[in-house]
Amino acid sequence: MKISTQKHTNTTQSVRFKHVLPVLSALALVCPLLVFAQDLQPQAERTSYTNIHADYQTYDAMQARIKGLNDRGIRVDDYHLSKAQCWLDTSYHEYTRNDRGGYPQAALSEAATLIEALQKGEKPGWETPLVNGAERLRPDLWARYDALKTSNGFSCAAQATACAEVELVHAGNEIHDGGWRHAKPYIQIAEDLVSRAERQAQVCGPTPSPAPQVENFELSADALFDFDRGDLDGLLPAGRAELNNLAERLERSYAQIDDIRIVGHTDRLGSDMYNQRLSEQRASTIKGYLQSRGMSVPIHAQGVGERQPTGLTSVCIGERATLELKACLQPDRRVGVQITGTKRVTR
């Protein structure tokens, strides 16, 4: 039973969050599995400043964990993160109204369960339990929530759906404490949220899959290999570092890589047959090196020898391999890398 129905604003709590959140959210990022308090003080002991202050710290810590998940890349409107936030909000709302019926702790525990699953990279599931013995009110609204979860536009309606479900459970608890009069405001919130969710889902529709993109890189063969070398032992330390950087860049930038094509090129010095073999060897070595880094996508390697000069070397005169001519022809000694795939969406 509530010993008071006086409503309090969240001003004090917001000020507290402002100062504490940066520290706590940093802890949540560095130590995502760090154990935070998630139990409120026993109901009978929520009378002293010390105990109430301890409960506020518990709410602060839980809010910081949600912020930490958002900082790690989980969107604010993600269904599970939104539901954790709404459980936390309704718990705090009832706590400030001196609810002694068990709902604040039950809702707080649901928030903690979702947060812990997200921190571990687990899937929390889609059920919304009727905590604290809540009555299952308005089956028609629950049916609308279920329909939203299978709609093409659910990604746009996830946040409103999650909070609508929590508010309906909240209303089911109010029936116990104050009857229909106390439950009605929260049912109205649940109705408004599901209507908003349905509008959002309707205008959102299915998210089109991004079209594959083609990206080209050009690597200097002189930076990768010793002169006239194309085997793995001829790969320079700087060349290994450049290929490592390329592999890491592709892993960061692409959600999916469909195809990699590697083309080796040489300058015109030497015979056609020698240059063809050298260009093929360099392309094949780079293919093998990327595969050794764990790249399991299809990689095609080929060499074209001296047949595709850059055009920058048309001014290079001579046939003897002098230092000056080698330096002039350097742009032709290269390896082209073409990536076809879908880049990650950054928000």
Side-chain angles (χ1 to χ4, degrees), residues 208-347:
S209 300
Q213 297 172 278
V214 177
E215 187 173 13
N216 291 289
F217 300 90
E218 194 165 276
L219 309 175
S220 169
D222 287 359
L224 295 173
F225 295 94
D226 284 326
F227 186 74
D228 273 354
R229 295 283 297 273
D231 57 325
L232 185 61
D233 289 339
L235 192 60
L236 295 166
R240 293 174 186 269
E242 187 163 358
L243 293 178
N244 289 339
N245 290 336
L246 174 63
E248 291 168 4
R249 176 176 176 179
L250 296 181
E251 185 176 351
R252 288 195 309 270
S253 303
Y254 282 84
Q256 176 179 320
I257 296 177
D258 302 318
D259 180 78
I260 298 178
R261 296 188 176 272
I262 301 170
V263 182
H265 302 263
T266 69
D267 61 27
R268 58 180 169 79
L269 298 175
S271 69
D272 292 348
M273 183 180 297
Y274 176 82
N275 287 333
Q276 178 64 32
R277 186 167 59 249
L278 180 61
S279 66
E280 291 174 356
Q281 185 183 37
R282 287 176 170 173
S284 179
T285 297
I286 292 174
K287 171 183 175 179
Y289 189 86
L290 293 177
Q291 289 174 331
S292 73
R293 285 291 312 265
M295 301 196 73
S296 58
V297 301
I299 302 179
H300 307 277
Q302 70 176 112
V304 295
E306 61 185 77
R307 297 195 301 276
Q308 297 178 10
T310 61
L312 300 174
T313 58
S314 59
V315 297
C316 301
I317 306 300
E319 296 298 330
R320 292 180 60 246
T322 63
L323 292 177
E324 292 77 13
L325 184 57
K326 288 179 183 178
C328 186
L329 294 172
Q330 186 275 328
D332 289 345
R333 300 189 294 272
R334 67 198 191 278
V335 177
V337 181
Q338 184 181 83
I339 311 297
T340 302
T342 304
K343 286 199 168 184
R344 297 186 189 278
V345 177
T346 56
R347 300 183 186 279

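Please read all numbers here as calculations on a predicted model, not as lab measurements.
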With a 4.5 Å heavy-atom cut-off, do [X] and [Y] have their side chains touching?
X: Tyr289; Y: Leu246; answer: no
X: Arg240; Y: Leu232; answer: yes
X: Arg268; Y: Thr313; answer: no
X: Leu235; Y: Phe225; answer: yes
X: Leu290; Y: Leu250; answer: no

Any sub-3.5 Å donor-acceptor pair from [X]'s side-chain atoms to [Y]'s backbone N or O?
X: Arg334; Y: Asp222; answer: no
X: Arg333; Y: Lys326; answer: yes
X: Ser284; Y: Gln281; answer: no

Taking all atoms of both residues into account, what is the closest heavy-atom pair of [X] and [Y], and its distance?
X: Gly230; Y: Leu278; value: N-CD1, 3.9 Å
X: Ala283; Y: Gly264; value: CB-N, 3.9 Å
X: Arg282; Y: His265; value: NH1-O, 4.3 Å
X: Ala247; Y: Met295; value: CB-SD, 4.3 Å
X: Pro212; Y: Thr340; value: CB-CG2, 4.4 Å
X: Ala223; Y: Glu242; value: CB-OE1, 4.0 Å

How many angstroms lie between [atom1] in [X] and [atom2] in [Y], if you round to the nearest 0.5 Å?
X: Leu325; Y: Gln330; atom1: CG; atom2: CD; value: 12.5 Å
X: Gln308; Y: Thr266; atom1: CD; atom2: OG1; value: 10.5 Å
X: Glu215; Y: Ile260; atom1: CD; atom2: CD1; value: 11.0 Å
X: Gln338; Y: His300; atom1: CD; atom2: NE2; value: 10.5 Å
X: Asp233; Y: Asp226; atom1: CG; atom2: CG; value: 10.0 Å

Polar contact flag, side-chain donor to acceptor under 3.5 angstrom, Arg307-Gln276: yes
Distance-only side-chain donor-acceptor flag, Glu218 / Asn216, under 3.5 Å: no
Disulfide bond (SG atoms under 2.5 Å apart) partners of residues 226-327, not counting sequence neighbours, each pair once: Cys316-Cys328
All pairs passing disulfide bond (SG atoms under 2.5 Å apart) where residues 225-277 contributes a residue, at least two apart: none
Check ion pair Glu251-Arg293 (N to O, under 4.0 angstrom): no
Candidate pair Asp259 and Val297, rule side-chain contact (heavy atoms from CB on, under 4.5 Å), full reasoning: CA-CA 6 Å; Asp259 180 78; Val297 301; over 6 Å; no
Positive for side chain to side chain contact (heavy atoms under 4.5 Å, CB included) with Asp332, one of Asn275, Leu269, Asp267, Leu312: Asp267
Residues Ile286, Ile299; criterion side-chain contact (heavy atoms from CB on, under 4.5 Å); working and verdict: CA-CA 10 Å; Ile286 292 174; Ile299 302 179; over 6 Å; no
